[in-house]
Amino acid sequence: MIYLKTDEEIELIRENNILVSRTLAEVARHIQPGVSTAELDRIAEAFIRDHGAVPACKGYEGYPAATCISVNEQVVHGIPSSKCILKEGDIVSVDLCTFMKGFVGDSAYTFAVGEVADEVKQLMAVTKEALYRGTAQAKAGNRVGDISAAVQEYVESFGYGVVRELEGHGLGHKMHEDPGVPNYGARGRGPLLKEGMVICIEPMITLGNKSVVFERDGWTVRTRDRKPAAHYEFAVAVRKGGPDVLTDYSIIEEALN
Ligand code: MF3
Ligand code: CO
């Protein structure tokens, strides 16, 4: 069941995603060699609560933290840990969700820790560009497959892998609503996009083979070949005139400069 949102509801989802963006910026300011992912999680949780929201991930199907922090070969859903200490050259994907005023916000960003290898920098840049290309297709009258194909075609032209086991999703009162938004597929296929739909578009892209493994902690997804992966996520409202992006990466990227 796909729920269409009113303008008022979209503004509340936007409020959540602006807070998610600000929280990601706060985390970004603390990313450096020597910091643990547990410390980054504490910073994020405090920031979210200080701004009148709760971390929607915490307790979601038993998930133990406020954020998912996935390092290098971890693709998504890495559990923050005091044993996981960032070092120069790592990449770290931070994915977090807020809940306030009855709605959820959900966005992600992949950060470099200091200087990273050129091939990994390119993986990050291509994954973010794939997100933008997918997002450009989020207009009323298109289909989910138009988003999926835009992401897949761009990413595969670089020889990267599109993870098949996980996908984007609708967003609203719940973190995961219909429709699913795969990062691979065919133009013109899948559910019709309508004015007022809110979806998360979230390419999860691998430098090597697309095959992933689900770790025994019940959450962490990593690449089978242990090569790095990147993950960026926007919440987007579908409009007649085109996408209305509810996440604000400029807040994050200002914090990086
Ligand atoms: N943004 C993530 C997703 O869409 C959030 C899930 S993490 C969880 O899958 F722990 F809350 F499940
Ligand atoms: Co999501």
Side-chain angles (χ1 to χ4, degrees), residues 2-3 5 13-14 16-24 27 37-38 40-42 44-45 48-49 53-71 74-81 84 92-100 103-111 127-128 130-131 134-135 138 144 147-148 151 162-184 197-205 212 214-222 229-238 243 245-249 252:
I2 298 176
Y3 299 98
K5 278 79 182 182
I13 302 172
R14 190 192 314 275
N16 271 279
N17 282 286
I18 295 298
L19 179 56
V20 171
S21 306
R22 292 178 63 199
T23 308
L24 288 169
V27 170
T37 57
L40 297 177
D41 184 73
R42 278 193 290 276
E45 179 165 2
I48 291 166
R49 293 190 189 279
V54 296
C57 287
K58 203 166 195 174
Y60 181 88
E61 292 180 10
Y63 187 73
T67 60
C68 299
I69 306 186
S70 309
V71 181
Q74 297 176 346
V75 183
V76 289
H77 301 168
I79 302 173
S81 163
C84 182
V92 57
S93 304
V94 183
D95 184 354
L96 59 91
C97 300
T98 61
F99 182 82
M100 64 177 170
F103 288 92
V104 179
D106 179 7
S107 312
Y109 199 95
T110 300
F111 301 97
T127 305
K128 191 162 46 149
L131 168 62
T135 299
V144 168
I147 298 171
S148 308
V151 170
V162 174
V163 173
R164 298 296 201 268
E165 288 84 347
L166 300 139
E167 61 185 18
H169 50 87
L171 181 72
H173 289 305
K174 296 229 161 71
M175 189 193 301
H176 294 143
E177 296 186 356
D178 289 337
V181 183
N183 295 301
Y184 66 99
M197 281 174 61
V198 177
I199 55 174
C200 285
I201 303 172
E202 48 177 321
M204 289 156 266
I205 306 302
V212 297
F214 291 75
E215 298 276 23
R216 283 208 295 265
D217 63 13
W219 286 99
T220 311
V221 182
R222 70 158 168 89
H231 175 218
Y232 293 84
E233 177 176 16
F234 270 167
V236 183
V238 174
V245 180
L246 307 179
T247 306
D248 188 351
Y249 273 3
I252 300 167

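Counting convention: from 1, in listed order, for ligands and their atoms alike.
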In the protein, what heavy atom is nearest to [atom], and what distance, to one decimal place, separates them?
atom: atom 10 (F) of ligand 1; result: Tyr63 CG, 3.0 Å
atom: atom 11 (F) of ligand 1; result: Cys57 SG, 3.3 Å
atom: atom 2 (C) of ligand 1; result: Asp95 OD2, 3.1 Å

Distance under 4.0 Å to a non-hydrogen atom of [X]: what atoms of ligand 1 satisfy this?
X: Asp106; value: 1 (N), 4 (O)
X: Met175; value: 5 (C), 6 (C), 11 (F)
X: His176; value: 3 (C), 4 (O), 9 (O)
X: Glu233; value: 1 (N)
X: Glu202; value: 4 (O)
X: Tyr60; value: 8 (C), 11 (F), 12 (F)

Backbone or side-chain N/O/S of Cys97 under 2.8 Å of the Co ion (ligand 2):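 For Cys97, the answer is no, given that no N, O or S atom comes within less than 2.8 Å of the Co ion (ligand 2).
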Main-chain N/O of Leu171 paired to Lys5 side chain as donor or acceptor, under 3.5 Å: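 Between the backbone of Leu171 and the side chain of Lys5 there is a qualifying donor-acceptor contact (under 3.5 Å).
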Mutual orientation of the aromatic rings belonging to Tyr249 and Phe234 [parallel < 30°, tilted 30-60°, perpendicular > 60°]: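 Geometry flag for Phe234 against Tyr249: tilted rings.
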Heavy atoms, side chains only, cut-off 4.5 Å: are [X] and [Y] in contact?
X: Thr110; Y: Thr127; value: no
X: Glu165; Y: Phe214; value: yes
X: Leu246; Y: Val198; value: yes
X: His231; Y: Val75; value: no
X: Ser70; Y: Asp95; value: no
X: Glu177; Y: Met197; value: no
X: Trp219; Y: Cys68; value: no

Between CD on residue Glu167 and OG on residue Ser148, distance to nearest 0.5 Å: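 Those atoms lie 8.5 Å apart.
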Close approach, Lys58 and ligand 1, non-hydrogen under 4.0 angstrom: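 No; Lys58 lies far enough from ligand 1 that no heavy-atom distance drops under 4.0 Å.
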Ligand 1 contacted by Glu61 (non-hydrogen, < 4.0 Å):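 Contact absent.
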The Co ion (ligand 2) - name of the N/O/S atom of Asp106 that sits closest to it: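 Looking at Asp106, the N, O or S atom with the least distance to the Co ion (ligand 2) is OD2.
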Met175 and Phe99: CA distance, side-chain angles, deciding distance, side chain to side chain contact (heavy atoms under 4.5 Å, CB included) verdict: CA-CA 9 Å; Met175 189 193 301; Phe99 182 82; over 6 Å; no
Glu233 OE2 and Glu202 OE2 subtending at the Co ion (ligand 2) (10° steps):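 OE2 of Glu202 and OE2 of Glu233 make an angle of 90° at the Co ion (ligand 2), to the nearest 10°.
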Mode of Cys68 contact toward ligand 1 - side chain, backbone, both, neither (heavy atoms, under 4.0 Å):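 Under 4.0 Å from ligand 1, Cys68 contributes side-chain atoms alone.
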Nitrogen or oxygen of His77 less than 3.5 angstrom from that of ligand 1: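 Looking only at distances, the answer is yes, because the N/O contact criterion of under 3.5 Å is met.
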Short N or O distance, Trp219 and ligand 1, threshold 3.5 Å exclusive: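 Not met; the criterion fails.
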